[in-house]
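Written below as structure tokens is the structure these notes are about.
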Amino acid sequence: DAKTTQPPSMDCAEGRAANLPCNHSTISGNEYVYWYRQIHSQGPQYIIHGLKNNETNEMASLIITEDRKSSTLILPHATLRDTAVYYCIVRVVRTGRRALTFGSGTRLQVQP
Amino acid sequence: AAGVIQSPRHLIKEKRETATLKCYPIPRHDTVYWYQQGPGQDPQFLISFYEKMQSDKGSIPDRFSAQQFSDYHSELNMSSLELGDSALYFCASSLVGTASGNTIYFGEGSWLTVV
């Protein structure tokens, strides 16, 4: 699976949008971009995933560049409960059984 | 909605003892994954099972073994425990071949402390 690069940490003011970037310049055509987050010592929580189109759900939006070499996770109105480590992961889904490989992630601190 | 259930949530063992962690996947999910997360580290993939057969193998020590049973629950067996095995162990599950892109869902983890 392609390697990802994320900033180690970011701050965001409560109520503002949090934009978390991820570089995956070696991504292959059959790899999806997944985002998970882990609130302190809890199980990683699925947020969103996409292949090449932008995606939105009740938690967040995922913007993938046209060349698919980078993406941005957007939390539209960050709250204190969004403080967590956010992981961007690329994964081949075709076989359906491939595990997730976690990198270092971005530690997001939402400030009151 | 039902989630991945792990037991026990907390376990304390002495060095050289054996520990067994159990995982009950989301109903109808056919794939189970095990992860280990040491203090201050990111989750590391250990092993996975699909339809009761080993599917992928990560950095699982030889002292560890796992299996998936006919009811799809899985157990991770850890023998000759070492202090360095103290970690949070996550189980996750997914359903192959779905429109959801085979999303993997995690349990809340089992804390293992080796003393």
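Because the structure is a prediction, the values reported are computed rather than measured. Letters A, B, ... mirror the listed sequences (proteins, then strands); counts begin at 1.
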Practice item. Check for a donor-acceptor pair, side chain of A:Y46 on one end and backbone N or O of B:F106 on the other, with a separation under 3.5 Å. Key: no
**Study point:** Sidechain-backbone polar pair: B:Y35 side chain, A:L100 backbone, donor-acceptor under 3.5 Å
**Key:** yes
Review point. Between A:R91 and B:I104, is any pair of side-chain heavy atoms under 4.5 Å apart?
Key: yes
Can you confirm whether [X] is buried at [atom1], in the sense that more than 12 heavy atoms of other residues, nucleotides or ligands lie under 6.0 Å from that atom?
X     : atom1 : result
A:R16 : CZ    : no
B:R9  : CZ    : yes
B:K13 : NZ    : yes
B:D62 : CG    : no
A:L51 : CG    : yes

Is there a path of hydrophobic side-chain contacts, each under 4.5 Å between heavy atoms, that joins [X] and [Y]?
X     : Y     : value
A:W35 : A:M59 : yes
A:V33 : A:I48 : yes
A:I63 : A:Y34 : no
B:V4  : B:Y89 : no

**Study point:** Smallest separation among heavy atoms of B:T103 and A:Y36, with atom names
**Key:** CG2-OH, 3.9 Å
Point to revise | Contact summary for A:Q42 and B:F90, nearest pair of heavy atoms | key: O-CZ, 3.4 Å
Review point. Mind checking which of residues 103-112 of chain A sit less than 4.5 Å from chain B, heavy atom to heavy atom?
Key: A:G103, A:S104
Check your understanding: Relative to chain A, which segment of B:Q6 carries a heavy atom at a distance below 4.5 Å: side chain, backbone, both, or neither?
Key -> neither
**Study point:** side chain to side chain contact (heavy atoms under 4.5 Å, CB included) between B:D42 and A:Q38, worked out
**Key:** CA-CA 10 Å; B:D42 303 302; A:Q38 187 175 28; over 6 Å; no
